[in-house]
Amino acid sequence: MLDTTNKRDPRYDILFEPMAIGPVTAKNRFYQVPHCNGGGYRDPSAAAEMRGIKSQGGWGVIFTEQCEMHHTSEITPFIELRLWEDKDIPQLRRMSEKMKEHGALAGIQLAYSGINGPNLYTKEVPLAPSALPIRTFTNDPVQARAMSKSEIKDLRRWFVNAAKRSRDAGFDLICLYGAHGFGIFQHFLSRATNHRTDEYGGSLENRSRFAREVIADMRDAVGDTMALTLRVSLDESIGDLGFSNAEVRDFIEMNKDLPDLWDLAQGTWEDCSGPSRFKEEAAQETLVRGIHELTDKPIVGVGRFTSPDVMAKMIRNGTLDFIGCARPSIADPFLPKKVEEGRIEDIRECIGCNICITGDMTMSISRCTQNPTFMEEWRKGWHPENMNAKGKSENVLIVGAGPAGLEAARALSVRGYDVAIAEAGTVLGGRVARERHLPGLSAWGRVADYREYQISQKPNVETYFDSKLSAEDILEFGFQNIAIATGATWRRDGVSRQHVVPMPIAEGAKIYTPDDLMDGTVPGGNVVIYDDDHYYMGGVLAELLVKHGAKVTLITPSAFVSDWTNNTLEQATIHKRLAEMGVEIVLNRGVTEIAADHVVSNCVYTDQMRQYSADAVVMVASRTGNDEVYHDLVARQEEWADAGILSVKIFGDAEAAGPIAWSTYAGHRYARELDGEDIGDELPFRREITELAAE
């Protein structure tokens, strides 16, 4: 059970002062801004329970993700909420009720996507301030047409209808989305997307007209019962045509009393939610500083806030009135309560890896590296702070202290098991302990730091270093449950996607893997990186090599360097950084063979060959699970009973390599399910299915 005794440090008292937002009052300054979760209209109960957990965790304001407020603007294939008709109200009411269960204000973000809405599902012609091609992540070959003035009136009415439905669904606040390039309000405000010559275009006053009209309409309809907030971009950062920070300030000064709260966020989603590799905490402070002098309305801003000291400073110096958090609220839904209870050291700090965003980008249930219970609160009944009761057995031996093993140890200790961790090395963290020293990844070390601290507080966990175990060792120890979390090793032979068998490598060729570089062996001269992994590792190692003086050529069969990081909103930034560092980036080409002084590269389309000189090759291909001890144990299964062994389980990278979030999830799942009932062929989670319409 949580200690609810208030032991708050007085320095943080300011974070718990109530504050009015129009006709409603937030109980504190912790403000969960809208964020995606991969659930949307497909998984409404899962999304509702996730928000409800944040209410338990003490947030003062909790928002939905963007909610499509009319069928003429939707962003299929991405899965968000929908409020197209009254039939959508019940699932949203379930969410608002969960949000308010512990005293939070419930907010809904209404979005009309304009030039970001291709309408692939509804097949409606997209509408926007001006006729322009649709701007999405997928370059859909579709254009929006310019709205007529009568259609602008229609859109104003649709916003009013959505506001009334939001009120009926039980929400206290409405956020009008005009940031990140995604919302119609930004499309009207920016000269890059508003080319109109009538009273809605041209001057800033004219471009502001639509926002003024909509807010006035909505205030007439629901304003005495709901607060109206406006989310605007702080700076589009696209040059003279963009909605610049200076013009944002002019807009706010011109309309200082327009919304009940100003929600300020960086121009693009990539800028606003940049990963820790490229963005520090409070990175948007300079863009927000001084805006409060232009309005008396409260301001919320974001910046991956993880430190209560930084949060308190932002309010104390008058920059912000509310601390806006999306990713930190995912990593630890109980962040406010832990600050209030004086348990700062128990906060699971966001590492800024953006794995949560990949759920939205891949149209799947989101994950969190730090919080494996994210989006499993309803589906599996997992609570971020509470574990299920201990089962019939008493003890567990965990072999390997990487992210999977550490999370399993932490969670098992909370359940009440006696846990022993056998680590072959001399530090905790496994891959995290090594990757944290690579360029830009220092924040990722929090994955190990949090778990190391938590298990250090548990008397039922023992850690043994320099303990590389054999099956014979394990059989002699007498533990009831054996958890194999021994990680994975990068392959040296090139087997991955292009090569399903080892590629030809000449004798004398110098081949290195990410493991070699992380162990301190960094080659020089002309170095070719062959990246058939496509996540962050190839790009990070290119930075490392350049910093050590190497001349780097990065070859990848993909059309993008670090292709999968399109899903973490950092691919363009990675490419730019590597190009500026002088890395030669070779796209759409593989490597067919490696000679002693060069590689042979093929075009993935034409198979045309080309040679690149190479004093060394860094192979970023696939990984092999370190599963030898597991298979040795399975081969001796007839000896388990005599050794007192009830179960042997392999999980994490040792079972199948993946991102770190997959490992912490696997470790947590092992801890939850130990000694559980055999469910046979049943689904291991709950889901919702579409109701059949009456014939």
Side-chain angles (χ1 to χ4, degrees), residues 35-39 43 46 50 53 273-277 304 306 326-333 347-377 379-380 382 384 400-411 429-436 438 440-452 454 485 487-488 533-537 540 562-571 622-623 625 651-672 684-685:
H35 71 70
C36 57
N37 54 78
D43 300 282
M50 176 268 291
I53 290 292
S273 296
S276 57
R277 186 173 166 189
R304 196 173 50 82
T306 59
R327 293 169 292 173
S329 76
I330 294 170
D332 199 332
I347 294 173
R348 282 189 303 272
E349 291 185 73
C350 172
I351 68 170
C353 65
N354 281 9
I355 206 73
C356 54
I357 292 171
T358 69
D360 196 51
M361 298 297 287
T362 60
M363 290 70 77
S364 59
I365 287 291
S366 285
R367 298 177 185 250
C368 175
T369 300
Q370 282 285 60
N371 175 16
T373 70
F374 177 54
M375 290 304 290
E376 299 296 344
E377 302 91 347
R379 297 207 319 162
K380 291 191 172 182
W382 291 0
L406 287 179
E407 175 58 23
R410 184 204 67 79
R431 62 182 288 191
V432 171
R434 306 167 79 209
E435 292 184 22
R436 71 187 303 173
L438 293 174
L441 302 187
S442 61
W444 294 27
R446 295 173 181 172
V447 174
D449 294 343
Y450 167 76
R451 289 161 178 82
E452 182 174 1
Q454 294 299 316
D533 171 63
H534 308 293
Y535 193 16
Y536 58 87
M537 186 58 75
V540 167
S562 301
D563 190 348
W564 204 72
T565 64
N566 277 298
N567 296 312
T568 56
L569 306 183
E570 57 188 319
Q571 191 283 323
S622 63
R623 288 176 281 165
F651 53 86
D653 285 341
E655 181 182 21
I660 298 169
W662 273 242
S663 292
T664 52
Y665 174 87
H668 193 87
R669 181 176 182 179
Y670 171 78
R672 290 273 182 180
F685 53 83

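None of these values were measured; they are calculated from a predicted model. Values reported hereafter were calculated over all heavy atoms of this structure, with side chains retained and with hydrogens, waters and symmetry mates removed. When a residue number appears, it is its place in the shown sequence, counting from 1.
Counting heavy atoms from C-beta on, the side chains of Thr369 and Pro659 never come closer than 4.5 Å. Between Phe374 and Asn37 there is a side-chain heavy-atom pair separated by less than 4.5 Å. Side-chain contact between Tyr536 and Leu438 is absent, with no heavy atoms from C-beta onward closer than 4.5 Å. By the 4.5 Å heavy-atom criterion applied to side chains, Arg669 and Lys380 are counted as neighbours. Within the 4.5 Å cutoff, the side chain of Trp662 has heavy atoms near those of the Ile355 side chain. Considering only heavy atoms from C-beta on, Arg431 comes within 4.5 Å of Ile660 through its side chain. Residues Arg446 and Arg436 are not in side-chain contact: their nearest non-hydrogen atoms beyond the backbone lie 4.5 Å or more apart. Contact of the Ser276 side chain with the Trp444 side chain is registered, since non-hydrogen atoms from C-beta on lie closer than 4.5 Å.
Residues Phe685 and Trp382 place their aromatic rings such that the two centres sit no closer than 6.0 Å.
Between the Asn567 side chain and the Thr358 main chain, no donor and acceptor come within less than 3.5 Å of each other. Of the possible polar contacts, one joining the Arg327 side chain to the Ser273 backbone as a donor-acceptor pair under 3.5 Å is found. A donor-acceptor contact shorter than 3.5 Å is absent between the side chain of Arg277 and the backbone of Gly440. Checked by atom type and distance alone, the side chain of Asp360 never pairs as donor or acceptor with a backbone atom of Ile357 at under 3.5 Å. Of the possible donor and acceptor atoms, none in the side chain of Ser663 sits under 3.5 Å from a partner among the backbone N and O of Gly652. Formation of a donor-acceptor pair under 3.5 Å by the Ser562 side chain with backbone atoms of Tyr535 is found in this model. The closest donor-acceptor contact from the side chain of Asn371 to the backbone of Ile330 lies under 3.5 Å. Between the side chain of Arg623 and the backbone N or O of Ala654 there is no donor-acceptor pair closer than 3.5 Å.
Among all heavy-atom pairs drawn from Ser366 and Met375, the shortest one is O-CB, 3.8 Å. A pairwise comparison of heavy atoms in Ser329 and Ala326 identifies OG-O, 2.6 Å as the closest pair. For Cys368 against Ala331, the heavy-atom pair with the smallest separation is SG-CA, 3.7 Å. Shortest non-hydrogen contact noted between Arg379 and Ala46 is CG-CB, 4.0 Å. Counting all heavy atoms, side chain and backbone alike, Leu569 lies closest to Pro275 at O-CD, 4.5 Å. The shortest non-hydrogen separation linking Gly429 to Pro403 is O-CD, 3.4 Å.
For the side chain to side chain contact (heavy atoms under 4.5 Å, CB included) test, residues two or more places apart in sequence or in another chain that qualify with Ala448 are Leu406, Val432. The side-chain hydrogen bond (donor to acceptor under 3.5 Å, both in side chains) test applied to Glu570 returns Thr568, not counting sequence neighbours.
Residue Glu407 holds its CD atom at 7.5 Å from OH of Tyr450, rounded to the nearest 0.5 Å. Rounded to the nearest 0.5 Å, atoms CD1 (Ile351) and CG (Leu441) are 9.0 Å apart. Rounding to the nearest 0.5 Å places CG of Asp563 at 10.5 Å from CG of Asp533. The line from OG1 of Thr373 to OH of Tyr665 is 11.0 Å long, rounded to the nearest 0.5 Å.
Between Thr664 and the choices Gln370, Arg451, Arg367, the side-chain contact (heavy atoms from CB on, under 4.5 Å) rule is met once, by Arg451.
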